[in-house]
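One structure is given here, and the rest of the page talks about it.
Because the structure is a prediction, the values reported are computed rather than measured.
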Amino acid sequence: VYGPQQYSDKDVAKERHIDQQMREMEREIRKIKTKEILYSKMGDMKNAEKCHNEWKALFEHYKKFCEENGYSFYLYRVNVV
């Protein structure tokens, strides 16, 4: 049967919570990547490397979280322009 599917309030709340967590992780990854770029431009390679490792670990967590919850992850959402 085709047509609009009805979702319970509980299902909507669960999906909204997952989506909010994903967006928070994406914002945090972009923030850390930006710090890495700034440290790198300032010549502070120690802190740049620390930030690099931090966002890489968070990105792996983000990918795993997306996969566990049945969502795709998109690289453009964590890119720093």
Side-chain angles (χ1 to χ4, degrees):
V1 176
Y2 296 100
Q5 186 174 354
Q6 297 296 318
Y7 296 97
S8 71
D9 290 343
K10 183 179 176 181
D11 288 339
V12 171
K14 178 185 174 204
E15 294 301 317
R16 182 177 296 125
H17 181 70
I18 291 169
D19 187 68
Q20 288 172 344
Q21 287 181 293
M22 288 171 53
R23 302 301 162 250
E24 176 60 32
M25 283 187 263
E26 293 163 0
R27 284 190 297 273
E28 188 65 21
I29 291 168
R30 287 192 304 268
K31 182 177 92 174
I32 297 167
K33 278 184 168 185
T34 301
K35 283 183 179 181
E36 177 191 6
I37 292 167
L38 293 173
Y39 280 130
S40 191
K41 287 186 179 197
M42 291 179 356
D44 186 349
M45 300 317 287
K46 181 180 176 184
N47 280 319
E49 184 177 347
K50 181 180 169 187
C51 288
H52 180 80
N53 294 335
E54 187 178 348
W55 76 254
K56 281 292 221 185
L58 183 56
F59 182 70
E60 289 304 314
H61 175 69
Y62 167 72
K63 286 192 325 187
K64 184 178 177 187
F65 179 83
C66 290
E67 290 167 2
E68 287 173 351
N69 288 286
Y71 284 83
S72 298
F73 62 89
Y74 299 99
L75 293 177
Y76 75 88
R77 289 183 173 170
V78 295
N79 283 343
V80 176
V81 180

Knowing that exactly one of Val12, Asp19, Ile18 qualifies, which makes a side chain to side chain contact (heavy atoms under 4.5 Å, CB included) with Arg16?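 It is Val12, the one option of Val12, Asp19, Ile18 that forms the side chain to side chain contact (heavy atoms under 4.5 Å, CB included) with Arg16.
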Interatomic distance, [X] atom [atom1] to [Y] atom [atom2] [nearest 0.5 angstrom]:
| X | Y | atom1 | atom2 | value |
| --- | --- | --- | --- | --- |
| Phe65 | Lys63 | CZ | NZ | 15.5 Å |
| Asp44 | Tyr39 | CG | OH | 6.5 Å |
| Ile29 | Glu60 | CD1 | CD | 9.5 Å |
| Asn53 | Lys56 | CG | NZ | 9.5 Å |
| Met22 | Tyr71 | CE | OH | 6.5 Å |
| Met25 | Arg77 | CE | CZ | 12.0 Å |

Quick one: does any side-chain atom of Lys35 pair with a main-chain N or O of Cys51 as donor and acceptor, under 3.5 Å? no
Is it possible for you to say whether Tyr62 and Tyr74 belong to one hydrophobic cluster, with membership spreading through side-chain heavy-atom contacts below 4.5 Å? no
Same cluster (ILVMFWY, side-chain, under 4.5 Å), Met42 and Ile37: no
Could you tell me whether Asp11 atom CG has more than 12 heavy atoms of other residues or ligands within 6.0 Å of it? yes
Would you find more than 12 non-hydrogen atoms of other residues, nucleotides or ligands less than 6.0 Å from Glu49 atom CD? no
For the residue pair Ser40 and Ala48, what are the closest heavy atoms and their distance?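 Minimum heavy-atom separation between Ser40 and Ala48: N-CB, 3.9 Å.
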side-chain hydrogen bond (donor to acceptor under 3.5 Å, both in side chains) partners for Ser72, two or more places apart: none
Are Tyr76 and Glu26 close enough that a side-chain donor and a side-chain acceptor fall under 3.5 Å?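 No - no donor-acceptor pair under 3.5 Å links their side chains.
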State which residues pass side chain to side chain contact (heavy atoms under 4.5 Å, CB included) with Arg27; sequence neighbours excluded, sorted by chain then number. Arg23, Glu24, Arg30
Aromatic plane relationship, Trp55 with Phe59 - under 30° parallel, 30 to 60° tilted, over 60° perpendicular: perpendicular
Decide yes or no for Glu15 and Asn69: does some side-chain heavy atom of the first lie under 4.5 Å from some side-chain heavy atom of the second? no
Using a strict threshold of under 4.0 Å (side-chain N to carboxylate O), is an ion pair present between Lys31 and Glu28?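 Looking at Glu28 and Lys31, the cut-off is met.
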